[in-house]
Amino acid sequence: MLKQIEGSQAIAQTVAACRPNVVAAYPISPQTHIVEGLSAMVKKGELENCEYINVESEFSAMSASIGASAVGARAYTATASQGLLYMVEAVYNASGLGLPIVMTVANRAIGSPINIWNDHSDAMSQRDSGWLQLYAKDNQEAADLHVQAFRIAEELSLPVMVCMDGFILTHAVEQVDIPELEQVDRFLPPYEPRQVLDPADPISIGAMVGPEAFTEVRYLAHHKQLDALELMPRIQAEFKEIFGRDSGGLLHEYNCEDAETIVVCLGSVTGTLRDVVDMRREAGEKIGVLSLVSFRPFPSAAVREVLKNAKRFVVLEKAFSVGIGGIVSSHCRAAMRGLHFTCHELIAGLGGRDITIASLNAYLDKAVRDEVEHLTFLDLDTELVEHELEREAKMRRSGAIPENMIRHYAERAQEEGHDDIR
């Protein structure tokens with residue numbers, strides 16, 4: 001059903017159509033509207049046979065989800081940023097136990113300093129947790145990925161994160177075709193767990209495993225992720241047949257067939273990059289966009305197939321590994337092993353900074369001539385950085401960097417007559 005709707009409410013209604021048995025909820029911006037929406041539906045009786053559990057923390061939200069899934073319930077939760085970090089021990093337990101929990105991560109920067117705006121540092125911090133990670137380019141795909149996530153999770157008996165950009169998507173009001181209950185029922189069968197705790201047949205889960213079998217357990221976790229690479233395109237094809245939309249899968253190509261330069265990305269920046277590509281194509285430049293849906297498992301073979309004929313690729317990342325650089329770019333380079341290529345890393349949008357068409361065009365003007373540094377921070381305020389480095393060089397007790405930066409930024413803005421000193 002077509003609706004003009006906030007992204008979070010679209011997700012809440014879509015998750016409800018998937019008939020969860022347990023929703024464990026703890027609020028944290030920018031995912032709060034999702035669990036609020038589900039709460040309202042449970043209270044009104046619109047979401048039947050669902051226990052809505054108000055927990056006291058994100059750790060409890062994941063712990064309740066683990067317990068629910070272990071006894072055979074279809075379980076769902078949502079979180080973001082510091083909340084995801086707070087539940088980390090349980091996040092690893094969920095995947096280690098092979099429990100098909102679905103969780104929305106409304107991507108938000110990790111502090112310190114405190115920042116509530118969007119980047120991908122929260123989900124990227126959990127890239128080795130054993131969860132599948134799917135990234136939505138817009139709210140339609142975010143809704144569609146949740147339906148597919150339950151199917152993927154339950155076929156593989158693995159947990160799935162559906163990542164959607166906080167505020168940019170969660171709070172955007174746009175047209176979304178909400179999956180109909182009848183369609184979801186055709187696509188998503190009733191949950192049949194591969195393992196279940198039953199008092200009539202008592203077993204233990206999460207038992208200690210020693211060196212004699214731990215490697216094999218971890219290998220099987222890896223093997224199941226590789227199985228997802230085969231499963232997800234099939235799920236995408238079935239979804240398209242029932243819903244009529246080509247959402248999900250491993251990745252999306254845009255004008256990549258003859259591209260000499262390809263920009264690789266995750267999430268909502270896909271739309272901006274496609275606009276940039278359209279502009280540059282009109283000027284005769286051979287450029288395309290490769291948008292990854294699946295980050296875990298990483299679709300190395302599919303990425304290699306798209307990038308193999310390009311002269312260069314630029315990986316735009318909304319998170320990075322401090323001390324070395326890009327995260328997604330390292331995966332892309334590994335996928336291209338043995339081939340000749342040029343890879344540029346572009347860090348952009350950290351802490352919610354706007355990624356503008358003008359800035360992207362200015363960067364790409366140089367990148368297509370391979371005149372950029374290996375690692376570039378888009379729109380980096382070098383004056384602000386240099387001022388702080390000089391302060392540290394002159395003063396042993398130079399103070400906290402975030403506070404110094406804010407103070408200097410405010411002083412500079414006042415000198416320049418700017419009112420907005422955020």
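For reference, positions follow the sequence shown, starting with 1. Here the structure is a predicted model, which is why all the values come from computation and not from measurement.
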Full working for side-chain hydrogen bond (donor to acceptor under 3.5 Å, both in side chains) between Asn361 and Arg280: CA-CA 8 Å; Asn361 273 322; Arg280 300 180 78 90; 2.9 Å; yes

Stepwise side-chain hydrogen bond (donor to acceptor under 3.5 Å, both in side chains) test for Glu56 and Ser60: CA-CA 6 Å; Glu56 72 276 10; Ser60 297; 2.8 Å; yes

Arg353 vs Asp379, salt bridge (charged side-chain N to carboxylate O under 4.0 Å, His left out): CA-CA, chis, key distance, verdict: CA-CA 9 Å; Arg353 178 169 292 185; Asp379 293 334; over 6 Å; no

Audit row: Asp258, Arg281, salt bridge (charged side-chain N to carboxylate O under 4.0 Å, His left out) steps and yes/no: CA-CA 11 Å; Asp258 64 340; Arg281 280 272 173 177; 2.8 Å; yes

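With sequence neighbours left out, Glu89 forms a salt bridge (charged side-chain N to carboxylate O under 4.0 Å, His left out) with no residue at all. Contacts of Thr215 classified as side chain to side chain contact (heavy atoms under 4.5 Å, CB included), with partners at least two apart in sequence or in another chain: none. Tyr191 pairs by the ring-ring contact (aromatic ring centres under 6.0 Å, His included) definition with nothing, not counting sequence neighbours. Under the salt bridge (charged side-chain N to carboxylate O under 4.0 Å, His left out) criterion, Lys3 pairs with no residue at all, not counting sequence neighbours. Judged as a side chain to side chain contact (heavy atoms under 4.5 Å, CB included), and not counting sequence neighbours, the contacts of Tyr26 are Val55, Glu58. Every residue was checked against the side chain to side chain donor-acceptor pair (under 3.5 Å) condition with Thr342, not counting sequence neighbours, and none meets it. The side chain to side chain contact (heavy atoms under 4.5 Å, CB included) check on Thr376 picks up Leu346, Tyr363, Val372, Glu373, with sequence neighbours excluded. Take Tyr135 and apply the ring-ring contact (aromatic ring centres under 6.0 Å, His included) test, not counting sequence neighbours, and it matches His120. Applying the side chain to side chain contact (heavy atoms under 4.5 Å, CB included) test to Asn54 and every residue at least two apart in sequence or in another chain returns Tyr52. Annotation: ring-ring contact (aromatic ring centres under 6.0 Å, His included) contacts of Phe313 (sequence neighbours excluded): Phe341.
For the side-chain hydrogen bond (donor to acceptor under 3.5 Å, both in side chains) criterion with Asn107, the lone passing option out of Asp122, Asp119, Asn118 is Asp122.
Not a single donor-acceptor pair under 3.5 Å links the side chain of Lys311 to the backbone N or O of Ala259. Judged purely by atom type and a 3.5 angstrom limit, Gln133 has no side-chain atom pairing as donor or acceptor with the backbone of Ser294. A donor-acceptor pair under 3.5 Å links the side-chain atoms of Thr170 to the main chain of Phe167, judged by distance alone. A donor-acceptor distance shorter than 3.5 angstrom exists from the side chain of Thr77 to the backbone of Ala24, with no hydrogens or angles considered. Side-chain atoms of Asp165 never come within 3.5 Å of backbone atoms of Ile168 as a donor-acceptor pair (strictly under, hydrogens ignored). In terms of modelled atom types and a separation under 3.5 Å, the side chain of Gln82 and the main chain of Gly111 share a donor-acceptor contact. With Gln236 contributing its side chain and Met232 its backbone, the two residues share no donor-acceptor pair below 3.5 Å. A distance-only check finds a donor-acceptor pair linking the side chain of Arg304 to the backbone of Ala335 [under 3.5 Å]. Without hydrogens or angle criteria, Gln183 side chain to Glu180 main chain gives a donor-acceptor distance under 3.5 Å.
Screening residues 56-96 for ring-ring contact (aromatic ring centres under 6.0 Å, His included), with sequence neighbours left out, gives no hits.
Counting all heavy atoms, side chain and backbone alike, Cys256 lies closest to Val289 at SG-O, 3.2 Å. When every heavy atom of Ala80 is checked against every heavy atom of Pro30, the shortest pair comes out as CB-CD, 3.8 Å. Closest approach of Leu85 to Ser125, counting heavy atoms only: CD2-OG, 3.6 Å. Pairing each heavy atom of Ile28 with each of Gly83, the nearest pair is CD1-N, 3.5 Å. Across every non-hydrogen atom of Gln225 and Leu158, the tightest pair is N-CD1, 4.2 Å.
Here the straight-line distance linking atom CG of Asn139 with atom CE of Met164 works out to 4.5 Å at 0.5 Å rounding. Atom OG of Ser247 and atom CG of Asp138 lie 7.0 Å apart (nearest 0.5 Å).
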Give every donor-acceptor pair under 3.5 Å between a side-chain atom in residues 323-333 and any protein atom, sequence neighbours left out.
residue	atom	partner	partner atom	Å
Ser329	OG	Glu317	OE2	2.8
Ser329	OG	Glu345	OE2	3.3
Ser330	OG	Ile327	O	2.6
His331	ND1	Ile327	O	2.8
His331	NE2	Arg296	NH1	3.1
His331	NE2	Arg296	NH2	3.2
Arg333	NH1	Glu345	OE2	2.5

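Side chain to side chain, Asp246 and His252 fail the donor-acceptor criterion of an N or O pair below 3.5 Å.
In this structure the side chain of Val385 never reaches within 4.5 angstrom of the side chain of Phe377, judged on heavy atoms. With contacts defined as side-chain heavy-atom distances shorter than 4.5 Å, the pair Glu388/Met405 qualifies.
With Phe239 as the aromatic partner, Arg245 does not meet the cation-pi criteria of under 6.0 angstrom to the ring centre and within 45 degrees of the ring axis.
His171 has its ring centre less than 6.0 Å from the ring centre of His33.
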